[in-house]
Every structure is written in structure tokens, then in C-alpha cells.
**Student:** 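Before I ask anything, here is the structure I am working with.
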Amino acid sequence: MRTEIRFAGVGGQGNLLAGEWVALAAHQMGLNALQSPTYTAQVRGGPTSVDVLIDKDEIVYPRLTDLNFFLCLAQNAWSYFARQLKPKSVVVIDPNLVTDVGEGPQMIYSIPIIQITKQKVEKPVYTSAVSLGIFCRLIDVIPQKEMIRVIEENAPSGTVEKNLMAFHAGWESVSQYASVSRSELAKKVEHV
Amino acid sequence: MSGNTNGRVFWAGNEIIAEAALRAGCNFYGGYPITPSSEIAAHLSLRLPQVGGAFIQMEDEIAAMGAVIGAALGGAKALTATSGPGFSLKQENIGYAVMSETPCVIVNVQRGGPSTGLPTAPAQSDIMQARWGTHGDHSIICLTPLYPREVYSETVRAFHLSEMYRTPVIIMIDEIIGHTTESFAVPSDSELAPIQPRSWYEKHAAQNSWRPFHDFYQGKHIHITGLSHTQKGFATTQPEVVHASLMHLVNKIEDDQPKIELNEEYMLDDAEIAVVSFGSPGRAARAAIDQARKQGIKVGSFRLLTFWPFPTARVRKLVDDVKAVIVPEMNMGMLRGEVERAAMRRDVQLVGVNRMGGVPIEPQEILDAIMEVKRGL
């Protein structure tokens with residue numbers, strides 16, 4: 001079955017890396033994987049996203065049409081990339097970075113990802129691994145051990161341990177933050 | 001670039017071109033970085049020194065093309081890669097390579113234009129420039145692969161064709177193909193065009209009364225010029241000689257068009273509607289056709305892997321076999337114009353699905369066009 005995944009944010013947050021590792025994990029499991037980044041000429045600071053497609057069968061159309069998972073870490077990226085959502089898409093935002101989600105039928109996990117990264121592993125550079133933990137827990141396509149293997153094999157030397165801490169912090173965070181309806185989040189913005 | 005799993009790799013299009021070029025024996029890259037092609041240069045700057053080749057970043061795109069021609073005349077299999085603005089700058093020297101019959105490969109990872117245009121977003125609006133960008137009568141070979149395996153095999157074939165016909169060969173992909181990383185199996189030797197040293201092509205040249213060709217520094221005095229020249233390489237203005245040499249430049253490629261032509265045909269046997277495409281929209285077309293077929297609509301796909309020389313005869317036959325042709329492309333109708341030319345006023349409905357602006361054509365847009373055409377049949 002075709003699974004469509006998008007990590008979005010601003011350049012420098014490591015979103016592209018998160019997508020690359022998800023796709024690589026799928027590839028190493030023998031699945032067909034495809035990954036394409038979108039970024040403007042100014043990669044650092046501008047809105048970026050990475051789209052990942054995973055399928056047992058051949059991937060014909062290489063772009064996303066019905067998102068299964070969307071994680072967003074910047075308001076301007078939300079405006080650019082909160083497209084191709086379907087009612088059952090699993091959506092994750094960092095509420096400190098994405099404040100206006102607009103109306104929609106989706107349920108949204110509002111998880112302070114950057115704050116968690118800073119608390120658990122000190123440096124925000126590990127944000128991508130926290131995002132991966134959240135993704136792995138919420139979407140049943142890459143088993144935890146496969147994701148961990150990719151992190152171990154690809155994290156720069158000296159950072160494996162911290163990346164794994166971050167991954168587990170992301171995984172655990174899912175049980176602490178229940179999803180809320182998008183409309184409810186939208187109403188909060190109106191009150192502010 | 002990573003993840004070799006049971007012969008399957010996980011590479012982006014630009015990396016595929018770089019690796020396939022090495023497989024084909026490329027030992028020189030001269031370039032100037034420009035997005036969305038820069039990964040080809042970046043990758044080869046690392047890899048060429050590992051295999052005893054040379055990588056040089058020149059001061060600009062013009063010089064880069066000059067370096068490629070010089071290297072090729074010295075015996076190297078030479079490559080450069082660029083995008084729209086750089087492709088414009090290279091045109092004069094591409095003409096020099098055409099005129100001096102210098103084998104080399106040029107990749108254009110297309111982005112939106114004109115001018116600086118739309119960096120890092122896809123377009124297909126340089127396809128006419130590939131044919132007519134440099135001045136003067138000539139022919140050119142231009143390949144338009146799409147899927148990773150094709151990008152690989154067509155890059156290898158580009159080097160083969162460039163040596164075979166002693167001509168620049170242009171590979172036209174776009175930002176989507178260049179930047180999409182995907183699982184695929186690297187083709188085996190038997191699935192690829194011949195990978196041979198230049199000396200192997202000399203025999204073929206002799207059989208076809210090609211001009212004598214000797215590399216620099218191999219003991220012979222040679223003369224290369226962009227002026228109209230005799231078979232010995234010296235300038236001439238003799239009308240018969242100039243005429244014959246231009247006919248040679250055009251006909252060496254056009255006469256062999258059927259041998260060079262490569263297309264992908266999908267579900268065309270019983271089709272009454274054909275979707276004709278090249279490059280990225282080809283995948284959206286296939287997705288749309290699969291959906292339309294489920295609804296019983298007889299539609300198929302014809303996708304060009306060799307855009308130039310254009311497969312005129314095949315497209316004319318296709319037009320005879322169907323009632324309508326839909327042409328999706330990320331420009332304002334360059335392929336559609338060629339299809340119209342090939343159709344020679346035949347009674348066929350010709351519909352364009354055109355998208356500029358840097359976002360790809362979606363399957364739904366092509367499906368909508370199919371449905372609308374079907375209603376009118």
C-alpha cells in the first residue's frame with residue numbers, strides 16, 4: 001500500500017534529513033522508496049519540505065496526492081505545504097512554531113518538538129531524530145528497529161547516542177500529547 | 001548516495017547521471033555549478049579523482065563548455081552539466097562542438113526560465129533550445145529519460161552516441177528527476193549501450209566515410225576549426241565543399257534516426273486517445289491512464305526518450321491510429337508543436353495540458369483532459 005509522508009519546516013531544522021532516513025529505511029527493507037525535497041534557492045531559513053513515498057508495488061506518480069503523515073515545524077511552511085491533506089491524515093505540529101492551522105477535518109498532534117529536544121538532548125540539532133521517533137510511533141510502516149538501524153548507520157560519528165536519545169524522546173512524547181481536532185486548534189487562534 | 005541493497009541502490013537523478021557517466025568511461029568533467037544540476041558536479045568532484053579522471057570548475061559556463069571540448073579533443077570522454085541560464089551561455093561552444101565534430105555530453109537539468117527564472121523548480125521549456133539553441137544548420141541528439149534506470153542507461157547511451165556520431169549529445173531532464181531519490185536496480189552491462197574506448201569507434205567511422213579523427217597529442221598534426229572546413233580540417237569557402245559538409249553534419253544523424261529512436265509505448269494497442277509526453281509528466285500520464293482504463297476508456301501513452309532527432313514517422317503513424325492526442329508538458333506547447341508538425345494536418349484532435357510555475361502536472365489534470373476529450377468523441 002502506498003504511504004505518503006511529508007516533513008516540513010524551515011531550512012536548517014533537519015527536516016530533509018528526517019525524510020531521507022525514512023526513505024532509506026524503507027529502501028533497506030526492500031520496499032520501493034522515493035524521496036524528493038522542495039526548497040527555495042535560500043535553503044537556510046526559507047520554507048522546506050521533503051516528500052517520501054513508500055510502496056510495496058511500483059511507484060508511478062512520484063509526488064504526493066493523499067498525505068498519510070504530515071509533520072510541520074514552521075508557520076510559513078504550513079502555509080506552503082499543508083496541501084494534499086485528507087481527512088484521515090495524521091498531522092503533527094510544534095505549537096510554538098505553528099500557531100495558525102486553519103479549519104479542517106484532521107486530528108492534530110500538537111507536540112512541542114523543539115522544547116522536547118532542548119530538554120532531553122540539549123541541542124536543537126537533534127530535532128530531526130525527535131521527529132523520526134514521533135513518525136515511527138504514529139505510522140505503522142517502518143518498524144522501530146529498522147529506523148534505529150538507519151540512525152546508527154548514518155548519524156555522523158559521535159552523534160549516534162544523542163540521536164537515539166532524541167528518537168526515543170520523540171517516541172515517548174506521543175503518549176503524552178493527545179491529538180486534538182484541527183477546528184479546535186483553529187478556534188484557539190481566533191481567541192488570541 | 002547510499003544504501004546498496006541486493007543490487008538495488010537509492011540514488012537521486014543527478015547522482016545517477018554522475019555514476020552512469022563514470023560507468024561509460026567519462027574521465028573529464030568541466031563545469032560551473034548551477035542549481036538544480038549542481039549535485040552532478042559535486043558528486044564527480046569527489047568521484048573522478050578516485051578513478052584517475054579530472055574534474056575542473058571553470059570560471060563560468062562558457063569556459064566550462066570550452067574545457068569539455070578541449071578535453072574531448074585530447075581523447076577524454078567529457079561531460080558537463082548545467083541548467084537554463086548556463087545552457088544559454090554554452091550554446092556558442094556547443095555549435096563549435098557540432099562543427100568540429102567533437103564528441104561530448106551535456107546535461108541540462110531544466111528549471112523555469114527565461115533568464116534566471118525559477119531556480120530549484122522544474123520546467124521543460126529548454127527542449128527547443130536543445131535543438132536550435134546554437135546557430136546554423138545542424139542536427140543534434142537529445143535524450144529525455146525519466147525513470148532512474150532510464151536515466152542511468154540513457155546517460156551511458158549518450159556517451160556511446162556521441163562517440164558513434166561525433167557530436168555533442170544533450171541529456172534533458174528536469175528538477176524533479178534530478179532531485180528525486182529512488183530505489184532502483186543498476187542495469188547490467190548487457191542492458192547498456194556499448195562501453196568502448198574511442199579507438200573502437202574508428203572502425204565505424206571508416207565504414208561510414210566519417211571524417212578522419214585523431215586525438216591531440218597522439219603523434220599527428222591536426223587542425224580543428226569552427227569555420228567551414230575541408231575533410232583535412234582547414235577552412236574553406238568553396239560552395240560545394242561547404243554544402244557537402246553541412247549535409248554531412250545533418251544527415252549523419254537524421255539518416256540514422258530510426259536507429260537512435262527510443263520510445264516507451266504503454267497500452268496503445270487499442271487506444272483511441274494517446275497521451276504523448278516526455279520527461280516528468282510521463283509518470284503523471286501513466287497514473288492518469290491507469291485510472292482512465294479502470295473506467296473503460298481506451299487510452300495509452302507514448303513517451304519519447306529521444307526527443308531529437310524527433311520520431312516524426314512514428315508519431316505520424318500514432319496520429320493515424322487514434323482519434324485524439326493529449327500532450328502534457330511543463331511549457332507552453334513545444335512538444336505539441338512538433339506533434340502537430342508530424343501530424344501534417346491530419347484530422348486529429350490535439351489537446352495540450354500545459355503547466356508553468358514550477359509545480360508538476362498532476363495525474364488528475366491529465367485525467368480531466370482525457371475525460372473531456374472522451375466526452376467529445
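What's counted below: heavy atoms across the whole structure, side chains too, no hydrogens, waters or symmetry copies. Residue numbers begin at 1 in each chain, while the letters A, B, ... track the order of the sequences.
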**Student:** Would you compute the distance between atom CD of Gln291(B) and atom OH of Tyr61(A) and round it to the nearest 0.5 angstrom?
**Tutor:**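 Result: 11.5 Å between the selected atoms.
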
**Student:** When only heavy atoms count and the cut-off is under 4.5 Å, which of residues 351-362 of chain B reach chain A?
**Tutor:**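 Within residues 351-362 of chain B, near chain A: Pro360(B), Ile361(B), Glu362(B).
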
**Student:** Is it the case that the side chain of Ser183(B) and the backbone of His27(A) share a donor-acceptor pair, with hydrogens and angles ignored and the cut-off at 3.5 Å?
**Tutor:**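 No, because the side chain of Ser183(B) does not come within donor-acceptor range (under 3.5 Å) of the backbone of His27(A).
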
**Student:** Do any pairs count as a ring-ring contact (aromatic ring centres under 6.0 Å, His included) and have a residue in residues 273-296 of chain B, sequence neighbours left out, and if so which ones?
**Tutor:**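 Qualifying pairs, neighbours excluded: Phe278(B)-Phe307(B).
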
**Student:** Taking everything shown except Asp269(B) itself, do over 12 heavy atoms lie less than 6.0 Å from its CG?
**Tutor:**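 It does not: Asp269(B) CG has 12 such atoms or fewer within range.
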
**Student:** Let me know if Ile59(A) has heavy atoms under 4.5 Å from chain B in its side chain, its backbone, both or neither.
**Tutor:**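 When you check distances to chain B, atoms from both the backbone and side chain of Ile59(A) fall under 4.5 Å.
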
**Student:** Leu24(A) and Phe10(B): which non-hydrogen atoms are nearest, and at how many Å?
**Tutor:**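 It is CD1-CD2, 3.7 Å.
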
**Student:** Should we say atom CD of Gln57(B) is surrounded by more than 12 heavy atoms from elsewhere, each under 6.0 Å from it?
**Tutor:**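 Enclosed: over 12 neighbouring heavy atoms sit under 6.0 Å from CD of Gln57(B).
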
**Student:** Enumerate by number any residue of residues 157-177 of chain A whose heavy atoms lie under 4.5 Å from heavy atoms of chain B; in the absence of such residues, state 'none'.
**Tutor:**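 The list, in residue order, is empty: none.
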
**Student:** Tell me, please, which residues at least two apart from Glu182(B) pass side chain to side chain donor-acceptor pair (under 3.5 Å).
**Tutor:**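 Scan of Glu182(B) (side chain to side chain donor-acceptor pair (under 3.5 Å), adjacent residues dropped) gives Arg283(B).
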
**Student:** Can you establish whether the number of heavy atoms outside Gln364(B) located under 6.0 Å from its atom CD is more than 12?
**Tutor:**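 Atom CD in Gln364(B) is packed in, count exceeds 12.
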
**Student:** Please classify the contact of Ile176(B) with chain A as side chain, backbone, both or neither, using a heavy-atom distance under 4.5 Å.
**Tutor:**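 Interface part for Ile176(B): both.
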
**Student:** When rounded to the nearest 0.5 angstrom, what is the spacing between CZ in Arg8(B) and CG in Leu31(A)?
**Tutor:**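 It comes to 8.0 Å.
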
**Student:** Taking OH in Tyr32(B) as the centre, count heavy atoms belonging to other residues, nucleotides or ligands within less than 6.0 Å. Is the count above 12?
**Tutor:**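 Count not over threshold, so no.
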
**Student:** Answer yes or no: are there more than 12 heavy-atom neighbours, outside Lys56(A) itself, under 6.0 Å from its atom NZ?
**Tutor:**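 Count not over threshold, so no.
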
**Student:** Would you give the length of the straight line joining atom CD of Gln35(A) to atom OG1 of Thr180(B), rounded to the nearest 0.5 angstrom?
**Tutor:**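 So the CD of Gln35(A) and the OG1 of Thr180(B) are separated by 8.5 Å.
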
